[in-house]
There are 2 protein chains.
Amino acid sequence: MNIAKNCVSRLSSYKNALTKLKNLGFTRVFSDNLADLISVTSSQVRKDFSLFGISGNRKGGYNIEELFNQINHILGKDIVHNIIIVGAGYIGKALMKYKTFEKEGIKIRAVFDSDPAKINRESSIPILPVKELKEFIQAQRIKIGIITVPENSAQLVLDQMIDAGIQGVLNFAPINLKEYPGIIINNVNIELELENVIYYTQTMENNKK
Amino acid sequence: MNIAKNCVSRLSSYKNALTKLKNLGFTRVFSDNLADLISVTSSQVRKDFSLFGISGNRKGGYNIEELFNQINHILGKDIVHNIIIVGAGYIGKALMKYKTFEKEGIKIRAVFDSDPAKINRESSIPILPVKELKEFIQAQRIKIGIITVPENSAQLVLDQMIDAGIQGVLNFAPINLKEYPGIIINNVNIELELENVIYYTQTMENNKK
DNA sequence: GATTTATTGTGAAAAAAATCACATAATAAA
DNA sequence: TTTATTATGTGATTTTTTTCACAATAAATC
């Protein structure tokens, strides 16, 4: 069964909404409530759940705790994930301190950079030379990494990461990385996202005239 | 005509690919080449172009310079865009220094924060108190902003931005912001993107077994 | 215990997006 | 100048995604 990216994103959103509901002390939720919380339709919510065999209770909705656990399990988030970041530039360092990762059981085990001035073995998350990348990935059995290096070194870094055994990558470099069989690459392109805003803002303005 | 977000994203990608081709000295390009560069099919490229009335030359492909200008115009990128960032945390500061924005004619005019310790009126991009947000947006006629504040203040900040006249927002806070008529909101949720990687990596692993 | 009410779960339908396939036309070759 | 070749541009088709709509059923009410 091949699940669309949007569907997985919605699962993450459901999970986050459920976390909030849990913290507010709620115990049950309807597809309608979840739909409102993440701005989709209630049938979309139920279709998504049905796809993964998640079932609730007719008339009673879903038990939040159970639903949360099921979605978390589907997302593979019932375990702590150890990851690395390659590139200790501004974005790399921002992600290093990103609070949401901590909350969500995502542990950054090390950051790598080619600039000797950035190396810091003593900090709680060590910043290590890229030379040690392979050794570290293999020794720590890291499977997931984030690329925050400049565009021109991103492909090289990816190749090294995959060579070392990385299986999934979140890439912030604005470049179309080569695809490898069995390797997951997800791109976040900030400039492109801002250009989306620019396009639709402009289109909206023209409509008003 | 309502253009899908994916289609606008592809336009951005074509533009970036064309920039690279231009820099390499090429003058003409086929739909096939562009398709390869951004990992889509050539008919997808031609369909996208056809949607915007972009036409090339049968047998001769597209003139890179012309195509670039047309796409840039569609994206509203033939002018410099002045934007602001609200939230001078790690991500806000990373975006403040983001090289790609400079290259792409996106000018960050100011960053705002509620923490007095972060204020710096002298730096090349001033960091100002949020109190001055409305005044600045109106005086400078800023239309587009980026939200990089924590989750719990994001909605408040959005309300203030819209009150001041902002029309498009790129939001990094992991929260479903309220929709406003005529206002464009595009969300980037880094945790969610990483969870996508985790999900597909896990799924891939299970397939191997 | 019967009846009403409210919500799920899911096939069917609709809408949206991507791909196909080929007529059309520009260029190159003969 | 004619013929062959090679890309485009787009209507038709297919695939994917979302929404609809309603039977099934659990809980609440009478």
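Below, read A as the first sequence line, B as the second, and so on, with proteins coming before strands; counting in each chain starts at 1. Excluded from the calculations below are hydrogen atoms, water molecules and symmetry mates; all remaining heavy atoms, backbone and side chain alike, are included.
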Taking the side chain of [X] as its heavy atoms from C-beta onward, which of [options] lies nearest to it?
X	options	value
A:Asn57	D:dA27, C:dT19, D:dA21	D:dA27
A:Ala4	D:dT25, D:dT8, D:dT17	D:dT17
B:Arg46	D:dT18, D:dG9, C:dT7	D:dG9
A:Ser55	C:dG9, D:dT19, C:dA18	C:dG9
B:Phe30	D:dA26, C:dT10, D:dA7	D:dA7
A:Arg58	D:dG9, D:dT18, C:dT8	C:dT8

[atom1] of [X] versus [atom2] of [N]: gap in Å, rounded?
X	N	atom1	atom2	answer
A:Lys5	D:dT17	NZ	P	13 Å
B:Ile54	D:dG9	CD1	P	10 Å
A:Arg28	D:dA26	CZ	C1'	10 Å
B:Ile64	D:dA7	CD1	C1'	15 Å
A:Leu51	C:dT8	CG	P	17 Å
B:Asn6	D:dT16	CG	P	15 Å
A:Phe49	C:dT8	CZ	P	9 Å
A:Leu67	C:dT8	CG	C1'	13 Å

Counting any heavy atom closer than 4.0 Å, what does [X] reach on the DNA or RNA strands: base, sugar-phosphate only, or nothing?
X	answer
A:Arg10	sugar-phosphate
B:Gly60	nothing
B:Ser43	base

Pairwise 5' ranking along DNA chain C for B:Lys47 and A:Asp32, keeping only the more 5' one: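 Result: A:Asp32.
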
Residue pairs, two or more places apart or on separate chains, that pass ring-ring contact (aromatic ring centres under 6.0 Å, His included) and touch residues 133-153 of chain B: B:Phe112-B:Phe136

Pairs touching residues 164-202 of chain A that satisfy ring-ring contact (aromatic ring centres under 6.0 Å, His included), sequence neighbours left out: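 As it turns out, there is no ring-ring contact (aromatic ring centres under 6.0 Å, His included) pair with a partner in residues 164-202 of chain A once direct neighbours are skipped.
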
N-O pairing of B:Glu195 and A:Lys15 below 4.0 Å: yes

Geometric cation-pi criterion A:Lys22 and A:Phe68, 6.0 Å radius, 45° cone: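 That pair qualifies as a cation-pi contact.
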
Flag for A:Asn63-A:Thr27: side-chain donor and acceptor within less than 3.5 Å: no

Phosphate-side-chain proximity, A:Gln44 and D:dT19, N/O vs OP1/OP2 below 4.0 Å: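 The answer is yes; a side-chain N or O of A:Gln44 sits under 4.0 Å from OP1 or OP2.
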
Any N/O donor-acceptor pair, B:Lys59 side-chain to D:dT5 base, under 3.5 Å: yes

